[in-house]
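One structure is given below, represented as structure tokens, and several questions about it will come after.
Note that ligands are numbered from 1 as they come in the structure, with each ligand's atoms numbered from 1 the same way. When a residue number appears, it is its place in the shown sequence, counting from 1. Only this structure's heavy atoms are used, side chains among them; waters, hydrogens and symmetry mates stay out.
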Amino acid sequence: MQKMLLSEKATSNSSHGQDSSYFLGWQEYEKNPYHDVHNPTGIIQMGLAENQLSFDIIESWIATNVDSTDFHKNGKSMFRELALFQDYHGLPAFKNVLAEFMAEIRGNKLRFEANKIVLTAGSTSANETLMFCLAEPGQAFLVPTPYYPGFDRDLKWRTGVEIVPIHCSSSDGFRLTESALEESYQQAQELKLRVKGVLITNPSNPLGTTMTKKELNYLINFSIAKRIHIVSDEIFSGTVFDSPQYTSIAELVVERKLNQMTDIWNRIHIVYSLSKDLGLPGFRVGLIYSNNEKLLSAATKMSSFGLVSSQTQFFLSKILADKKFTRNYIRTNKKRIRERKEMLVCGLLNVGIKCLDSNAGLFCWADMRHLLGENSFEGEMALWKKIVYEVGLNISPGSSCHCVEPGWFRICFANVSKEALSVSMNRIKAFVEPMGRVANGLSQGEVVCKYWRMRSLSKWVSQLSFSDREADR
Ligand SMILES: Cc1ncc(COP(=O)(O)O)c(C=O)c1O
């Protein structure tokens, strides 16, 4: 009955990805969320790449700049102006500061021009808009795996665009190779799908790594040869907390002077958002940056369906215009992300779980292959269910990110408190130790976390090991 009243799109779940374990884990968490006092045996949410580490810096800016939050500029109320503003080109002052913020994040190695920015309601909307503008339904984008599970919804669902995976392997740290690119292209041809582009996430979600210049060069050469687009989702660009240094695809294009070849420069599009670096996913601020005038014009028209409110633009244009604030924020935020990541890596190493070496992001990509009952995706799902229901941690299985090797899990660390992280490590310890399984090359008890040298961290780890708080599940 329902089906007859609603459209096929509204009633079909195909390609939305809502039934993926990535989203199911969130639902399980919602039913039984951990709280240190009210629900100490609840599920700890470690499947959400949220950045809650630096709210205090933003809050203290707000406390000293009340004018900006109550819509005043130079003592004059902006209320009426903001209430009426609806130009889909966005507030010029906001686009200017966004362009400067993007440059600042990249160490000012690159200039961004405000008139090449299209504002969107988050990167979700930016990625979908790009798909609408670059491909027809039934055409394909190649995407390296493992990838952010939301792409199945964002790139495919409403647009009808197909994703063809570029399979990357743990044998070389999930790097993008020329042969993997070619294979994926061939696969699309066998499926009779016309390839319109490659979409990368740099830094990667879920790997937490930045792409090397070598990888980016493969990609650029490949796109020149095949005459296809590159979409570079750089939503985590401000989280790079360790070497190697971050290189945006745009930097490499300028370095190789390819920006003088309008052909390829017109086919490279950057996606960015304030959801991760500033920790503001609720504000819904994203953007497309492109050199392609036709694309900018089409995307601007489409942005009517997902505008950023003028109130948000006004507030953020004030805060991002404060260069002292942005510099301090970026530096401090990275330091905090790094510390938190080291806590997680160290806590996991302590029980014989290794993570892929990472230098960015709000998560670790943990290798739990040695904990699988059987080496298959069924085995991975069985382990994931135990971790959610028995251990009480919502983490994301690699299969939800289309990883081709069972046994990898994404664990987020920037949305939980230090205390909850400590509880989660105690729970993992209580789960793993009785299994008596440790990863190759590691033996329990002998594991020495290199970060233990840091005093504060070693104190935290020893609290973890000798905590008089029993693992509570
Ligand atoms: C790679 C990637 N792209 C896009 C998004 C969507 O972000 P937004 O909140 O800006 O829509 C996410 C969110 O996790 C992400 O990880």
Side-chain angles (χ1 to χ4, degrees), residues 16-17 20 22-23 25-26 45-52 98 101-102 105 117-131 141 143-159 163 165-166 168 174 176 198-211 230-240 246 248-249 269-289 299 302-303 305-309 312-313 316 337 358 360-365 394-396 398 400-403 410-415:
H16 178 277
S20 143
Y22 175 74
F23 293 113
W26 290 8
Q45 172 60 298
M46 302 182 91
L48 193 55
E50 250 177 20
N51 179 7
Q52 298 189 20
L98 270 178
F101 187 62
M102 286 174 76
I105 282 172
I117 287 177
V118 177
L119 294 178
T120 58
S123 286
T124 301
S125 172
N127 280 320
E128 191 193 54
T129 301
L130 279 172
M131 291 304 112
F141 259 74
V143 183
T145 65
Y147 62 75
Y148 161 58
F151 282 156
D152 290 323
R153 172 197 60 201
D154 306 348
L155 310 188
K156 288 164 57 174
W157 187 43
R158 300 199 299 184
T159 63
I163 292 178
I166 304 171
C168 302
F174 297 96
L176 185 70
V198 180
L199 184 143
I200 54 165
T201 306
N202 183 28
S204 161
N205 176 6
L207 301 175
T209 52
T210 48
M211 289 179 83
I230 299 176
V231 174
S232 179
D233 182 333
E234 304 190 353
I235 188 169
F236 291 99
S237 48
T239 66
V240 184
Y246 178 58
S248 161
I249 190 131
H269 320 286
I270 294 172
V271 166
Y272 185 58
S273 137
L274 299 181
S275 295
K276 311 296 176 182
D277 294 349
L278 276 187
L280 303 174
F283 279 42
R284 308 309 303 140
V285 180
L287 63 89
I288 296 167
Y289 187 87
M302 283 191 196
S303 71
F305 301 107
L307 290 176
V308 182
S309 81
T312 298
Q313 292 188 51
L316 289 173
I337 296 173
S358 64
L362 308 170
F363 29 73
C364 291
W365 186 238
N394 177 40
I395 61 177
S396 306
S400 66
C401 305
H402 299 268
C403 183
R410 188 192 75 166
I411 309 181
C412 299
F413 53 74
N415 62 320

Can you find an N/O atom of Lys276 closer than 3.5 Å to an N/O atom of ligand 1?
->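 Between Lys276 and ligand 1, an N or O pair is found under 3.5 Å apart.
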
Check: Glu234/Asn202 side-chain N/O donor and acceptor closer than 3.5 Å |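 Checked: Glu234/Asn202 side chains show no N/O donor-acceptor pair below 3.5 Å.
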
Is ligand 1 less than 4.0 angstrom away from at least one heavy atom of Tyr147?
->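 For ligand 1, residue contact (heavy atoms, under 4.0 Å) with Tyr147 is absent.
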
Just jot down the ligand 1 atoms closer than 4.0 angstrom to any heavy atom of Thr201, in number order.
->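 Once the distances to Thr201 are compared, the set is 1 (C).
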
May I ask you to check whether Asn205 has an N/O atom sitting below 3.5 Å from an N/O atom of ligand 1?
->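 Yes: some nitrogen or oxygen of Asn205 is under 3.5 Å from one in ligand 1.
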
State whether a side-chain donor-acceptor pair under 3.5 Å links Asn127 with Asp233.
->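 Yes.
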
Arg284 vs Ser125, side chain to side chain contact (heavy atoms under 4.5 Å, CB included): CA-CA, chis, key distance, verdict | CA-CA 9 Å; Arg284 308 309 303 140; Ser125 172; over 6 Å; no

Gap separating the NE2 atom of His402 from the SG atom of Cys168, nearest 0.5 angstrom =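 Going from the NE2 atom of His402 to the SG atom of Cys168 covers 13.5 Å.
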
Numbered atoms of ligand 1 (with element) below 4.0 Å of Ser275, judged on heavy atoms |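 That gives atoms 8 (P), 9 (O), 10 (O) of ligand 1.
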
Which of the atoms of ligand 1 are close to Ser273, meaning less than 4.0 Å from one of its heavy atoms?
->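 Contacts of ligand 1 toward Ser273, numbered from 1: 10 (O).
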
Distance-only polar pair, side chains of Ser309 and Thr312, donor-acceptor under 3.5 Å =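 Short answer, yes.
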
Would you please classify the geometry between the Trp26 ring and the Tyr22 ring as parallel, tilted or perpendicular, with 30° and 60° separating the classes?
->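 Rings of Tyr22 and Trp26: tilted, 30 to 60°.
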
Hey, what's the ring geometry for Phe363 with Phe236, parallel, tilted or perpendicular (30° and 60° as the breaks)?
->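 Geometry flag for Phe236 against Phe363: perpendicular rings.
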
Output the list of atoms in ligand 1 that are nearer than 4.0 Å to some heavy atom of Arg284, sorted by atom number.
->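 Counting atoms of ligand 1 from 1, those under 4.0 Å from Arg284 are 8 (P), 9 (O), 11 (O).
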
What heavy-atom pair brings Ser237 and Ile105 nearest, and what distance separates the two atoms?
->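 Heavy atoms of Ser237 and Ile105 come nearest at O-CG2, 3.4 Å.
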
If you count the atoms of ligand 1 from 1 in the order shown, which ones are under 4.0 Å from a heavy atom of Gly122?
->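 The atoms of ligand 1 under 4.0 Å from a heavy atom of Gly122 are 10 (O), 11 (O).
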
Interfacing atoms of ligand 1 (cut-off 4.0 Å, heavy-atom, Phe236) |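 Ligand 1 atoms under the 4.0 Å threshold to Phe236: 16 (O).
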
Can you find an N/O atom of Ser125 closer than 3.5 Å to an N/O atom of ligand 1?
->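 Looking only at distances, the answer is no, because the N/O contact criterion of under 3.5 Å is not met.
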
Does the side chain of Tyr147 pick up a donor-acceptor pair with the side chain of Asp152 at under 3.5 Å?
->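 Yes, a side-chain donor-acceptor pair sits under 3.5 Å.
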
Atom 6 (C) of ligand 1 [closest protein heavy-atom partner, distance rounded to 0.1 Å] |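 Sorting protein heavy atoms by distance from atom 6 (C) of ligand 1 puts Thr124 OG1, 3.4 Å first.
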
Which residue and heavy atom of the protein sit nearest atom 7 (O) of ligand 1, plus the separation |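 Of the protein heavy atoms, Ile235 CD1, 3.3 Å lies nearest.
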
Ala49, portion touching ligand 1 at heavy-atom distance under 4.0 Å =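 It is neither part, as no heavy atom is under 4.0 Å.
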
Go through ligand 1 atom by atom and flag the ones less than 4.0 Å from a non-hydrogen atom of Asp233.
->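 Selected atoms, number and element: 1 (C), 2 (C), 3 (N), 4 (C).
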
